[in-house]
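Remarks on the structure that follows.
Hydrogens, waters and symmetry mates are skipped; everything else that's a heavy atom, side chains included, is used.
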Amino acid sequence: MFAAFSVRRRRRRPARLVAAVVTSGLVATGFIAGASAAAADEAPQHQGGAAATLNGLTTYDRAVLRVDGEKREIPAGLFEMTVDGGGTLKTYCVDLHNPTQEKARYLETSWDQTSLGGNKDAGRIRWILQHSYPQVDDLVGLAHDAGAGPLTRETAAAGTQVAIWRYSDDAQVQALDPAAEKLADWLEKAAENVAEPKASLSLEPSAVSGPAGTRIGPVTVRTDADRVTVAPPADAATSGIKVTGEDGKPVTSAADGSRLYVEVPAKAADGSAALTVQATTSVPVGRAFAGVTKSQTQILAGSSESTVSATATATWATTGAIPALSAKKNCAKSGVDVTATNQGDAAFSFELTGLRHAIRAGETRTVTIPVAEDQAYDFTITGPGGFRKTFKGILDCKTTGSTATTVTGQQGSQPSPLSAGGASAGTGALDGALDGGEDLAETGASGATPMIAGIALTMVVLGGAAVFLLRKKESPGAGE
């Protein structure tokens with residue numbers, strides 16, 4: 001466990017701050033199937049918590065999904081993920097009609113940045129997770145409560161997943177095993193609406209700014225871990241930059257609610273520092289996990305002790321506008337919120353989609369950039385002295401309606417409870433067949449085209465880049 005600052009200094013010079021904002025509309029097959037590991041490593045914004053890689057569906061049985069009057073037999077059960085830095089997660093799907101991608105990267109996220117945010121039954125899904133397998137591993141007792149016959153790990157997982165799909169996707173789905181179906185019915189009827197769990201670890205806000213020679217912050221720690229470790233910056237002895245608590249004393253650890261500050265010497269060159277806090281803890285059941293690239297949204301069913309982290313950025317300067325920039329998906333408004341705070345002594349001005357915005361000194365404002373569903377976005381803000389801030393990701397806020405889908409297997413070698421397009425190579429007989437015995441691969445779909453149902457073969461290119469302009473004041477007291 002550690003927290004460390006990486007410090008970047010920049011030379012202050014008269015220049016404009018320019019941010020190119022691009023949302024990409026690409027041919028769907030090329031974008032989804034061709035997403036590379038390099039793209040996933042470019043660090044999309046993350047509000048904190050666990051980051052993990054999908055290993056595939058590991059504990060499952062069969063279910064039958066009814067779509068447009070036809071039946072599809074699909075696998076249903078638990079996925080497994082490997083956490084960056086150590087740890088294992090067990091998850092269920094809450095996005096039945098979208099495909100998973102082999103070895104997809106996932107980030108812990110809040111419900112409001114996924115389809116769960118607009119789902120009035122999201123709390124019932126969490127109740128199901130808390131009262132079924134693997135949280136309840138007494139399968140004899142679970143079967144007794146459900147009034148079901150004997151359960152195995154596989155059928156218990158299948159029954160749990162089926163109950164979740166009925167709330168997450170409003171799906172007409174039944175478990176193939178009678179005991180699993182009894183479990184699904186019991187869970188569905190007994191489920192109560194419970195609250196969303198808190199993040200395993202986050203820093204709020206994720207960006208702060210202020211003049212050199214001051215303590216910049218506060219940044220508040222939010223965590224369910226007992227403690228997080230805070231280390232001084234690697235070059236603390238030479239830079240003079242410190243991480244302190246509210247009393248101004250350097251800190252080496254923090255707890256939930258702790259307020260951290262970045263103390264910057266008055267003579268420090270204009271620059272920024274990234275603070276990363278880490279802890280080892282069990283991630284709360286019910287936390288959502290969204291794909292870095294387009295991949296089926298998951299919800300946490302169980303966690304080992306896992307590495308979690310969160311990052312906040314501090315920026316300072318001697319004069320002029322001193323912006324702090326952060327971004328967050330806004331599913332309610334179908335876009336991405338870019339929040340700018342200006343702690344300098346001059347206005348921070350920018351243009352966005354033809355509209356000019358001016359943030360006065362000491363003011364904070366959030367601008368929502370519209371992004372189409374299932375669309376990738378990439379916002380890069382650059383400025384004087386090498387200043388650069390990038391936000392990227394994919395907007396995945398909705399489940400695909402079942403009326404527009406056909407069921408298929410996962411991309412890659414693992415079976416998956418999915419949809420959209422056709423059977424993928426490598427899933428074999430586990431991906432089932434139509435009731436008449438026709439194999440899904442014979443319907444004309446291919447594993448090379450894991451298309452999201454309801455999306456045309458090509459997406460409309462969202463051309464247009466919005467340009468953020470910031471003119472630095474040229475003399476004291478001058479502002480735009």
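Using a 4.0 Å cut-off between charged nitrogen and carboxylate oxygen, Asp224 and Lys198 do not count as a salt-bridge pair. A salt bridge is defined here as a Lys NZ or Arg NE, NH1 or NH2 lying under 4.0 Å from an Asp or Glu carboxylate O, and Glu181 with Arg166 meets this definition. Salt bridge status for Glu70 with Arg72: present, with a side-chain N to carboxylate O gap under 4.0 Å. At a threshold of 4.0 Å, the pair Arg105-Asp84 counts as salt-bridged, since one of the basic side-chain nitrogens sits closer than that to a carboxylate oxygen.
The backbone N or O of Ile394 sits less than 3.5 Å from a side-chain atom of Lys329, completing a donor-acceptor pair. When atom types are taken as modelled, the side chain of Asp169 and the backbone of Leu96 share a donor-acceptor pair closer than 3.5 angstrom. Within the 3.5 Å criterion, the main-chain N or O of Gly123 finds a donor-acceptor partner in the side chain of Asn193. Not a single donor-acceptor pair under 3.5 Å links the side chain of Gln161 to the backbone N or O of Leu78. Distance alone, capped at 3.5 Å, is enough to place a donor-acceptor pair between the Asp256 side chain and the Thr223 backbone. Checking side-chain atoms of Arg126 against main-chain N and O of Ala195 turns up a donor-acceptor pair under 3.5 Å. Side chain of Thr155 to backbone of Leu151: no donor-acceptor contact under 3.5 angstrom is found. Using modelled atom types, no side-chain atom of Arg62 and backbone atom of Asp177 make a donor-acceptor pair closer than 3.5 Å. Side-chain atoms of Trp111 come within 3.5 Å of backbone atoms of Gly286 as a donor-acceptor pair (strictly under, hydrogens ignored). A distance-only check finds no donor-acceptor pair linking the side chain of Gln101 to the backbone of Thr293 [under 3.5 Å].
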Checklist entry - So Val292 and Leu107, side chain to side chain contact (heavy atoms under 4.5 Å, CB included) or not? Walk me through it. => result CA-CA 7 Å; Val292 171; Leu107 301 176; 3.9 Å; yes
Checklist entry - What do the steps show when you test Val221 against Leu203 for side chain to side chain contact (heavy atoms under 4.5 Å, CB included), and what is the final call? => result CA-CA 5 Å; Val221 177; Leu203 292 173; 3.8 Å; yes
Checklist entry - Going through the distances and angles, do Lys103 and Asn55 end up as a side chain to side chain contact (heavy atoms under 4.5 Å, CB included)? => result CA-CA 6 Å; Lys103 295 299 180 183; Asn55 293 331; 3.4 Å; yes
Next on the checklist: Would Asn98 and Asp396 count as a side chain to side chain contact (heavy atoms under 4.5 Å, CB included) here? Give the steps.
Outcome noted: CA-CA 10 Å; Asn98 282 328; Asp396 185 6; 4.2 Å; yes
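Of all heavy-atom pairs between Thr368 and Gly335, the closest is CG2-CA, 4.2 Å. For the pair Val285 and Gln135, the tightest heavy-atom approach, listed with the atom from each and the gap, is CG2-NE2, 3.4 Å. Summarising the geometry of Leu201 relative to Val308, their closest heavy-atom pair is CD2-O, 3.7 Å, with the distance given to 0.1 Å. Scanning both residues, Leu300 and Ser303, for their nearest heavy atoms gives CD2-CB, 4.1 Å. Ser202 approaches Gln47 most closely through the heavy-atom pair CB-O, 3.2 Å. The shortest heavy-atom contact between Ala191 and Tyr167 is CB-CE1, 4.1 Å.
Between Asp112 and Lys328 there is a side-chain heavy-atom pair separated by less than 4.5 Å. With contacts defined as side-chain heavy-atom distances shorter than 4.5 Å, the pair Glu196/Arg287 qualifies.
In this structure, Asp337 places its CG atom where more than 12 heavy-atom neighbours from other residues, nucleotides or ligands lie under 6.0 Å away. Within 6.0 Å of atom CZ in Arg222, more than 12 heavy atoms from other residues, nucleotides or ligands are found, so the atom counts as buried in its surroundings.
Thr315 and Ser209 are not linked by any side-chain donor-acceptor pair at a separation below 3.5 angstrom, with hydrogens and angles left out of the test. Glu108 and Ser200 form a side-chain donor-acceptor contact under 3.5 Å, judged by distance and modelled atom types alone.
Scored by the side chain to side chain donor-acceptor pair (under 3.5 Å) test, Ser295 finds Tyr106 as partners (sequence neighbours excluded). Applying the side-chain contact (heavy atoms from CB on, under 4.5 Å) rule to Ser132 yields the partners Leu142, Thr160, Leu183, Leu187; only residues at least two apart in sequence or on another chain are considered.
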Without placing hydrogens or testing angles, list every side-chain donor-acceptor pair under 3.5 Å for residues 85-93, not counting sequence neighbours.
{"from": "Lys90", "atom 1": "NZ", "to": "Glu80", "atom 2": "OE1", "distance (Å)": "2.9"}
{"from": "Thr91", "atom 1": "OG1", "to": "Gln298", "atom 2": "OE1", "distance (Å)": "2.8"}
{"from": "Tyr92", "atom 1": "OH", "to": "Tyr133", "atom 2": "O", "distance (Å)": "2.8"}

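To the nearest 0.5 Å, the span separating OG on Ser115 from CD on Glu373 amounts to 9.0 Å. Distance OG1/Thr281 to CZ/Arg227: 13.5 Å, rounded to 0.5 Å. To the nearest 0.5 Å, atom CG of residue Leu395 and atom NZ of residue Lys294 are 9.0 Å apart. The line from CG of Asp226 to OG1 of Thr280 is 11.5 Å long, rounded to the nearest 0.5 Å. Once rounded to the nearest 0.5 Å, the distance linking CD1 of Ile369 with CZ of Phe391 reads 9.5 Å. From Phe79, atom CZ reaches atom CG of Leu54 across 6.5 Å, with rounding to the nearest 0.5 Å.
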